[in-house]
Amino acid sequence: MPAPDQRLRIDLRGVVQGVGFRPYVFDLATRHGLSGHVSNNSDGVCIEVQGDPAQLDSFLDQLPRRLPPLAFLVDMRVEHLAPATHPGPMQIRRSQAAAARTVLLAPDVCVCDDCLRELRDPSDRRYRYPFINCTNCGPRYTIIHDVPYDRPLTSMARFPMCDACRAEYEDPRHRRFHAQPNACPSCGPHVWLCGPDGRPMASDDPLATAARLLADGRIVALKGLGGFHLAVDARNDSAVARLRMRKHREAKPLAIMCRDLGEASRHGIVDSQAQALLTSRHRPIVLLRKQPDSDLAASVAPGNSHVGVMLPYTPLHAVLLDDAPASLVMTSGNVSEEPIAIGNDEAIERLGGIADLFVLHDRDILVRNDDSVVGLAAGRPFFLRRSRGYVPLPVMLSREAPCVLGVGSDLKNTICLTRGAMAFVSQHVGDQANLAAFESFQDTIARLRRVLGVEPVRVAADLNPDSMPSRWAEQCGLPLVRVQHHHAHVAACLAEHRFDGEAIGVALDGVGLGTDGTVWGGELLVASVSAFRRAGHLACVRLPGADRAAREPWRMAVSHLMRAYGDAWESRLPSTLRAIPEARRRAVAELVATGTSSPWTSSAGRLFDAVSSLCGLAHDNEFEARAAMELEMAAARAPAQAGGYNWAPVRTVDGILLDPAELVGQVVDDLARETPVELVAARFHRGFVRGWAAACERLRTDSGLSTVALSGGCLQNRLLSELLSDELGARGFEVLLHQKVPSNDGGLSLGQAVVAMSAG
Ligand code: ZN
Ligand code: ZN
Ligand code: FE
């Protein structure tokens with residue numbers, strides 16, 4: 001006797017519309033011999049299925065596992081219904097007209113294999129068509145004006161579909177069913193070329209021409225998915241050098257785009273995790289350890305142990321790289337730190353002095369969206385920048401609250417809006433250093449509010465009233481919650497893990513204003529998402545010249561020497577610092593001694609800067625965090641048995657203090673003995689980790705807490721994050737590391753938002 005039929009209703013929320021979800025459910029249900037129907041509604045997708053209980057179980061089991069590539073499930077609720085007496089065959093029901101504002105938007109997704117096959121098939125009507133896409137792939141977030149996600153509200157609105165495209169679009173069984181950006185050469189966008197003066201250049205095959213010019217060493221500005229790239233042959237040293245000179249970017253590493261995985265592994269070491277990331281639908285830039293025999297131009301990532309690599313993610317890239325040099329430098333289309341250019345005219349105006357050729361097209365980019373950057377530490381991916389391909393996927397929180405807005409920091413700015421129990425962290429807006437960046441910040445808030453359909457009831461900003469986002473927040477008319485920088489860092493980490501209670505928070509960071517008016521950055525907190533107290537920190541030194549100290553690590557070297565040796569500091573000066581003229585060293589010493597424009601700081605980032613300078617690795621930060629990177633790379637070259645300095649916290653009236661003078665003293669002693677800097681760097685890292693782990697143990701004894709949330713920009717240092725999480729794990733702590741947003745200031749808006757949510 002077969003078991004009697006059962007009937008289930010399944011409600012799904014998440015990115016489930018416009019991603020081929022209904023045909024997927026239809027297929028899966030049909031294969032299980034189920035009857036019923038599937039439809040879209042205002043919250044997502046609703047399924048009713050009826051059939052044999054074992055088949056229903058199997059259906060439920062498989063449903064969340066083989067989702068269409070663009071789908072992202074947030075919630076799945078199942079309830080039992082009374083079986084229908086005459087269930088018809090499975091069917092896809094037409095949508096009820098839905099408000100759709102609670103439906104999630106998909107991020108932009110890389111071109112899929114089916115589309116690539118057609119793209120390379122000479123008999124296909126979309127052969128070499130750079131805007132091919134389907135339900136499973138293509139642009140999404142970057143072409144949307146507003147919701148619901150429908151063609152008239154995208155930048156495809158001006159391209160009416162031809163009959164052939166419309167037939168695909170309307171057929172529920174076709175892989176282009178409701179693919180809003182669906183297009184072909186006869187009805188869709190086109191590519192053309194122009195020179196640096198903006199004058200169009202005739203070409204039968206613009207991408208083939210661009211590929212040829214790239215092979216000739218020319219610089220090509222390429223309109224991509226979330227903005228312009230500047231491209232150049234990555235094996236051509238003089239071409240890369242010319243790009244650097246014109247872009248005013250002297251030393252900061254450049255990312256490359258490789259034709260395929262084989263080419264990528266010629267330049268970087270591609271293990272299984274790296275391969276999974278490189279080929280994921282998000283297509284981030286992945287930082288790979290350099291292959292020793294790579295023939296990349298040395299100027300791509302000079303002196304760096306790693307190189308940023310991505311694979312083609314749009315059909316335009318795929319067509320170009322089929323003919324162009326197999327690896328292209330692909331760097332943001334901007335001059336120094338301005339926002340990336342997105343409009344055709346804007347690009348010609350801003351990049352005309354850099355590029356020899358422009359590849360333009362007429363599908364507008366509506367959202368500026370830089371490439372995401374991901375690194376790997378102990379096999380775990382971590383974000384350095386979360387943007388194109390991931391935004392606007394939400395971070396799920398542990399509870400619902402009215403909408404709040406976190407405005408982020410001045411550096412690596414992102415903003416965050418919440419809706420219910422979801423936090424939406426924006427694309428990378430970038431450093432708030434100029435008016436263009438500020439406009440981009442405001443646009444990002446307005447757009448994200450619109451597409452999410454939310455009205456924040458509160459705004460959260462950094463304690464520092466001088467930052468641009470803080471000033472905006474003060475004037476925006478909403479009740480303002482001020483969130484201390486390192487509380488926000490730790491809260492972001494707790495929120496990612498949906499950790500509701502108190503934990504030990506370790507924030508190892510550059511700088512952020514503290515509640516006592518000093519500049520914090522090496523902090524031991526007891527924190528929850530709603531509150532924190534400072535249980536300990538790095539002992540303070542002067543930050544000579546404030547912001548200038550971040551650009552000139554040797555200033556921090558002087559400051560730390562003075563803390564360690566007082567007036568005798570010059571007698572202990574490592575020979576490496578003789579590269580800095582004596583008069584300048586003494587001028588900085590004067591600032592330190594008098595405190596003129598030199599606030600007290602407990603910054604961990606600035607301590608890494610100081611040690612890098614003492615080791616002679618970097619006296620200047622030509623780009624952000626360069627000195628710390630040099631120190632990390634040196635340490636990574638040392639043998640595993642290098643040992644580590646002794647460092648232990650002390651308990652004072654100020655709480656648990658770690659005195660950097662003890663570490664600096666051991667560094668200086670080692671340098672005086674002419675110990676190789678690799679060993680010094682490695683011993684410093686290990687000693688640093690030892691000290692913080694011991695500080696966490698003290699705090700565990702005091703507080704009974706045994707979970708540690710690690711956050712702050714210093715954790716982008718792979719070696720530090722691996723050593724510290726291992727050490728804490730070995731001492732019996734549960735360690736929370738960032739996985740969903742960066743540990744740097746790119747993740748700050750999430751932390752601010754969750755703190756403000758709990759302030760209601
Ligand atoms: Zn596709
Ligand atoms: Zn067409
Ligand atoms: Fe920070």
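Both counts, for ligands and for their atoms, begin at 1 and track the order of listing. In what follows, residues are counted from 1 in the order of the sequence shown.
When the N, O or S atoms of Asp745 are ranked by distance to the Fe ion (ligand 3), OD1 comes first. His485 has its closest N, O or S atom to the Fe ion (ligand 3) at the position named NE2. Note on Asp509: its N/O/S atom closest to the Fe ion (ligand 3) is OD2.
Rounded to the nearest 0.5 Å, atoms OG (Ser372) and CZ (Arg283) are 13.0 Å apart.
Rounding to 10 degrees gives 110° for the angle at the Zn ion (ligand 1) between SG of Cys134 and SG of Cys137.
The pair Glu552-Arg555 meets the salt-bridge criterion, since a charged nitrogen lies less than 4.0 angstrom from a carboxylate oxygen.
Here His489 meets the criterion, with an N, O or S atom under 2.8 Å of the Fe ion (ligand 3).
Aromatic pair His685/Phe608: ring centres closer than 6.0 Å. Residues Tyr129 and Phe131 bring their aromatic ring centres within 6.0 Å.
Every pair tested for ring-ring contact (aromatic ring centres under 6.0 Å, His included) that includes a residue from residues 510-530 fails, sequence neighbours excluded, so the list is empty.
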